[in-house]
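Just follow the structure's listing: the first ligand is 1, and inside any ligand the first atom is 1.
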Amino acid sequence: INHSDNVSYHEALPVPTSPDEVHALGMEINQLLKSLNDQVLRDHQFVSDASHELRTPLTAIRGHISLIKRRGDQHPEIIPKSLKFIDDESARMQTLVESLLRLSRMDHVTIDQQLLDINQLVQETVENYQPSIVQPVQVDVSATPLMTTVNADSLQQMLIALLNNASKYSPADQPIQVAAQLIQDQPTITITDNGAGIDDADKTHIFERFYRVDQARSQEIPGTGLGLAIVSRLADLNQIKVTVSDHQPTGTIFTLTFKIKH
Ligand code: ADP
């Protein structure tokens with residue numbers, strides 16, 4: 001909750017002089033209380049979801065520590081396996097905490113936006129990121145500059161998260177395509193993979209915090225379920241539309257649509 005906002009709201013309220021104005025003021029106060037209440041509920045849900053996600057690895061870590069304490073002396077052969085487990089799970093917790101911090105810092109920020117050519121940003125990002133992905137990434141940018149106003153760091157973070165997912169959820173020998181083009185006069189970026197795709201039932205949930213498709217969990221593909229929640233938040237802050245669709249014969253397309261430059 002941004003308290004400074006409330007103060008300025010309060011200071012800006014005019015003194016009502018007629019019954020109509022009293023009524024209007026009452027409605028405004030009601031609206032304000034409702035949005036405060038919604039925010040408190042959202043914050044509460046966030047803390048509760050985050051605690052749940054952190055408790056799972058923590059319980060597992062404590063289980064292994066207790067196992068080592070109880071049986072490590074007599075059965076030292078169990079120690080390396082338990083230590084590896086503790087190491088992996090604590091690394092996962094660290095990633096989770098870092099992503100949570102990133103999300104919560106984004107709650108009340110305003111960001112600067114610059115006029116830039118997304119062709120160039122796409123090319124640079126893919127070039128820098130290709131070495132850390134096994135799949136070949138094919139880039140196809142439009143012949144003319146694609147100008148839009150956006151925060152460059154946000155866009156880069158979004159692209160990296162989407163490339164990272166395209167890579168995690170598709171086979172090592174299947175290329176990933178990134179294209180920047182004008183579609184119906186609007187600058188767009190598409191990230192296309194040739195993986196297993198996402199069921200329609202899951203498509204509506206993947207941008208929610210901590211949501212992971214069962215397959216991702218069961219195949220133990222590493223992840224926190226926060227990547228797309230961060231993408232979605234960055235998209236809101238930059239007035240970018242993010243959509244997901246199927247790629248034929250198999251795979252997923254994420255499309256970023258930018259506002260037209262003014
Ligand atoms: P995670 O850390 O699990 O990758 P995300 O928020 O980035 O979290 O994605 C949420 C879920 O959406 C993933 O767990 C995965 O099931 C699904 N998903 C995301 N991107 C893709 C993709 N390109 N292909 C298939 N499934 C995907």
Check: If you measure from each non-hydrogen atom of Asp193 to ligand 1, which part falls under 4.0 Å: side chain, backbone, both or neither?
Finding: side chain
Check: How close do Leu103 and Ala229 get, heavy atom to heavy atom, and via which atoms?
Finding: CD2-O, 4.2 Å
Notebook entry, point to check: Counting heavy atoms only, which part of Thr252 comes closer than 4.0 Å to ligand 1: side chain, backbone, both or neither?
Noted result: side chain
Item checked: Residue Leu226 vicinity, atoms of ligand 1 by number, heavy atom under 4.0 Å -> 6 (O), 8 (O)
Check: Identify the closest protein heavy atom to atom 26 (N) of ligand 1: which residue and atom is it, and at what distance?
Finding: Ile198 CG1, 3.4 Å
Next item on the list: Please identify which atoms of ligand 1 are closer than 4.0 Å to at least one heavy atom of Lys168.
Entry: 1 (P), 2 (O), 4 (O)
Checklist line | ligand 1 atoms in contact with Gly225 (distance to a heavy atom under 4.0 Å) | finding: 1 (P), 2 (O), 3 (O), 6 (O), 8 (O)
Note to self: Students often mix this up, so state it plainly: with edges at 30° and 60°, are the rings of Phe85 and His64 parallel, tilted or perpendicular?
What the structure shows: parallel
Note to self: Please determine whether a side-chain nitrogen of the Lys or Arg among Asp87 and Lys84 lies less than 4.0 Å from a carboxylate oxygen of the Asp or Glu.
What the structure shows: no
Next item on the list: State the CG-CG distance between Asp38 and Leu33, to the nearest 0.5 angstrom.
Entry: 11.0 Å
Check: How far is atom 12 (O) of ligand 1 from its nearest protein heavy atom, and which residue and atom name does that atom have?
Finding: Ile206 CG2, 3.3 Å
Margin query: Minimum heavy-atom separation for Ile198 and Asp202, please, with both atom names.
Written below: CG2-CB, 3.8 Å
Check: Of all heavy-atom pairs between Pro171 and Gly195, which one has the smallest distance, and what is that distance?
Finding: CD-CA, 3.9 Å
Note to self: Looking at every heavy atom in both Ala235 and Met158, which two are closest together, and how far apart are they?
What the structure shows: CB-CE, 3.7 Å
Next item on the list: Would you mind checking which non-hydrogen protein atom is closest to atom 10 (C) of ligand 1, with the distance to 0.1 Å?
Entry: Tyr211 O, 3.3 Å
Next item on the list: Before signing off on this row, confirm whether Pro222 and ligand 1 have an N or O atom pair separated by under 3.5 Å.
Entry: no
Check: Can you tell me which residue and heavy atom of the protein come closest to atom 2 (O) of ligand 1, and the distance to 0.1 Å?
Finding: Thr224 N, 2.8 Å
Notebook entry, point to check: Identify the closest protein heavy atom to atom 3 (O) of ligand 1: which residue and atom is it, and at what distance?
Noted result: Arg212 NE, 2.4 Å
Checklist line | Protein heavy-atom partner closest to atom 6 (O) of ligand 1 - residue, atom, separation in Å | finding: Leu228 N, 2.8 Å
Next item on the list: Give yes or no for whether the N/O distance cutoff of 3.5 Å, strictly under, is met between Gly223 and ligand 1.
Entry: no
Item checked: Polar contact flag for Gly197 and ligand 1 (N/O pairs, less than 3.5 Å) -> no
Check: Just by distance, with hydrogens left out, do Arg42 and Gln45 show a side-chain donor and acceptor under 3.5 Å apart?
Finding: no
Check: How far is atom 24 (N) of ligand 1 from its nearest protein heavy atom, and which residue and atom name does that atom have?
Finding: Tyr169 CB, 3.4 Å
Item checked: Test item: Asp117 side-chain N/O and Leu146 main-chain N/O as donor-acceptor pair under 3.5 Å -> yes
Next item on the list: Give the residue, atom name and distance (to 0.1 Å) of the protein heavy atom nearest atom 19 (C) of ligand 1.
Entry: Asn165 ND2, 3.6 Å
Check: Near Arg70 CZ, under 6.0 Å, is it more than 12 heavy atoms from other residues, nucleotides or ligands?
Finding: yes
Checklist line | Distance-minimising heavy-atom pair for Ile230 and Ser99 | finding: CD1-O, 4.0 Å
Checklist line | Non-hydrogen atom of Gly195 closer than 4.0 Å to ligand 1 | finding: no
